[in-house]
**Q** 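The structure follows.
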Amino acid sequence: MTDTLIISEAYLRQFTDINNNVDNKFLTNAVREAQDIHIQRLTGTVLYEKILSDIQANTLTGAYKTLVDDYIQNALLYAAYYEALEYIYMRSRNNGLLMPTGGENSEKVDGTWYDRKRESVKNKMDWYSEKLVNYLIENTNTFPELNENSFLYQQYPDYGSQFRSPIVMRYGVRGYHWKQAVECGLPITDSRYPQFPPPGWAKNY
């Protein structure tokens, strides 16, 4: 797990409703976990490690700085908040999971409200993650590291099933082909990417 953080705990407090009384170590751990788990999954290990190396050396510039400032930081903000909620609202004790209420006082966790809060934060994390994924897809040639993951311990960019077409069809299988599918209105391509394939492509089939 890295010691180089893409966003600080101060940044996390600034753009969320996390109270100033929350211990910094909880937020630091949340940022570290969020970027290792969520951001690395989307960027892949090689690009992720390059970004961390550039931040540590203070050499983050150009397209990589744009990627971090405009896309990664937004996704990481809510990913870190998502991970931090567990530290903020729950503590593991001998008598189970408890919610701090001030000082040494605590009470049993209300799972319903905790789940609602976490789901709200996750929705925002997913929205900004989707923007990050779109940017990476459109700029694959700008970031060659996306395709340089070659070892088992290096994670290849995983854009998740939510970014894929709901139906996958092979041309010519059992008499069906792409043109007929389009004419029938089947969503064989993700509507989020109208440029893939370009308009009129089905006329060639």
Side-chain angles (χ1 to χ4, degrees), residues 1-60 63-92 97-101 106 109-137 143 145-146 149 153-163:
M1 188 176 288
T2 182
D3 291 328
T4 302
L5 303 181
I6 298 175
I7 63 174
S8 65
E9 54 84 16
Y11 183 93
L12 183 55
R13 291 183 195 273
Q14 180 181 358
F15 294 102
T16 66
D17 58 357
I18 294 177
N19 191 281
N20 289 332
N21 292 330
V22 176
D23 195 322
N24 285 347
K25 69 179 181 181
F26 294 141
L27 302 186
T28 299
N29 288 337
V31 172
R32 183 184 292 113
E33 290 176 3
Q35 62 185 43
D36 273 354
I37 296 172
H38 300 285
I39 300 303
Q40 183 175 194
R41 178 179 68 83
L42 299 179
T43 64
T45 299
V46 175
L47 177 56
Y48 174 66
E49 290 182 344
K50 172 181 170 47
I51 289 171
L52 295 184
S53 178
D54 287 352
I55 290 175
Q56 189 172 32
N58 197 28
T59 57
L60 187 68
Y64 294 91
K65 190 174 190 307
T66 299
L67 174 64
V68 171
D69 291 349
D70 296 347
Y71 298 93
I72 288 180
Q73 284 188 352
N74 291 331
L76 179 55
L77 173 68
Y78 289 101
Y81 191 11
Y82 180 80
E83 296 297 337
L85 285 172
E86 186 171 339
Y87 297 117
I88 295 171
Y89 288 107
M90 295 192 298
R91 303 284 191 276
S92 297
L97 292 176
L98 302 177
M99 180 175 65
T101 57
S106 59
V109 173
D110 185 335
T112 300
W113 287 108
Y114 171 74
D115 290 342
R116 287 181 181 178
K117 180 65 174 178
R118 221 172 182 219
E119 183 65 24
S120 174
V121 174
K122 184 179 183 300
N123 289 339
K124 296 174 184 177
M125 176 182 71
D126 290 344
W127 194 87
Y128 283 107
S129 295
E130 184 176 331
K131 290 195 67 176
L132 170 58
V133 165
N134 285 341
Y135 184 76
L136 290 175
I137 290 174
F143 306 107
E145 296 85 0
L146 289 169
N149 303 275
Y153 61 84
Q154 293 177 331
Q155 186 168 2
Y156 200 83
D158 176 14
Y159 298 144
S161 59
Q162 68 269 33
F163 304 118

**Q** Quick one: closest heavy-atom pair of Asp17 and Lys117, and the distance?
**A**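 Where Asp17 meets Lys117 most closely, the heavy atoms are OD2-NZ, 3.1 Å.
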
**Q** Between atom CG of Leu12 and atom CG of Leu5, what is the distance when rounded to the nearest 0.5 Å?
**A** 10.5 Å

**Q** Evaluate the ring planes of Tyr71 and Tyr135, with Trp represented by its six-membered ring, and classify them as parallel (under 30°), tilted (30 to 60°) or perpendicular (over 60°).
**A** parallel

**Q** Under 4.5 Å between any side-chain heavy atoms of Arg118 and Glu83, yes or no?
**A** yes

**Q** Any chance you could measure Leu85, atom CG, to Ile18, atom CD1, to the nearest 0.5 Å?
**A** 7.0 Å

**Q** For Tyr78 and Asp126, test the side chains for any donor-to-acceptor distance below 3.5 angstrom and give the result as yes or no.
**A** no

**Q** Taking atom CD as the centre, does Gln154 end up with more than 12 heavy-atom neighbours from other residues, nucleotides or ligands that are less than 6.0 angstrom away?
**A**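 Buried by this count: over 12 neighbours within 6.0 Å.
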
**Q** So which atom in Ala80 and which in Ala30 form the shortest heavy-atom distance, rounded to 0.1 Å?
**A**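 Nearest heavy atoms, Ala80 then Ala30: O-CB, 3.5 Å.
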
**Q** What I'd like to find out is whether the side chain of Tyr64 reaches to under 4.5 Å of the side chain of Val68, using heavy atoms alone.
**A**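 No, side chains not in contact.
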
**Q** Do Leu67 and Leu47 have side chains that get closer than 4.5 Å, going by heavy atoms?
**A** yes

**Q** Starting at CG of Asp115, measure out to OG of Ser120 and round the result to the nearest 0.5 Å.
**A** 12.5 Å

**Q** When rounded to the nearest 0.5 angstrom, what distance separates CD in Glu130 from CG in Leu132?
**A**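 If we round to the nearest 0.5 Å, Glu130:CD and Leu132:CG are 10.5 Å apart.
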
**Q** Rounded to the nearest 0.5 Å, what's the gap from OH on Tyr82 to NE2 on His38? Could you check?
**A**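 Going from the OH atom of Tyr82 to the NE2 atom of His38 covers 7.0 Å.
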
**Q** Would you name the heavy atoms of Met125 and Ala75 that are closest together and state the gap between them?
**A**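 Nearest heavy atoms, Met125 then Ala75: CG-O, 4.2 Å.
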
**Q** Have a look at Tyr48 and tell me which of Leu52, Thr45, Val46, Ile51 forms a side-chain contact (heavy atoms from CB on, under 4.5 Å) with it.
**A** Leu52

**Q** Would a 4.5 Å heavy-atom cut-off, applied to side chains only, mark Tyr11 and Gln73 as touching?
**A** yes

**Q** To check you understand the geometry: which heavy-atom pair defines the closest contact between Tyr156 and Leu146, and what is its length?
**A** CE1-O, 3.8 Å

**Q** Are side-chain heavy atoms of Leu42 and Asp158 found at a separation under 4.5 Å?
**A** no

**Q** Please give me the minimum heavy-atom distance between Gln35 and Arg32, naming the atom from each residue.
**A**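 Scanning both residues completely, I find the closest heavy atoms to be CG-O, 3.4 Å.
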
**Q** So which atom in Ile37 and which in Arg41 form the shortest heavy-atom distance, rounded to 0.1 Å?
**A**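 Minimum heavy-atom contact is O-CB, 3.3 Å.
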
**Q** Drop me the distance from Ile7's CD1 to Leu76's CG, to the nearest 0.5 angstrom.
**A** 4.0 Å

**Q** I'd like to know if the side chain of Arg13 reaches the main chain of Asn19, judged simply by a donor and an acceptor atom lying under 3.5 Å from each other, with no hydrogens or angles considered.
**A** yes

**Q** With side chains defined as the heavy atoms from C-beta onward, is the minimum distance between Pro157 and Leu136 less than 4.5 Å?
**A**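 Side chain of Pro157 against side chain of Leu136, heavy atoms only: no contact under 4.5 Å found.
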
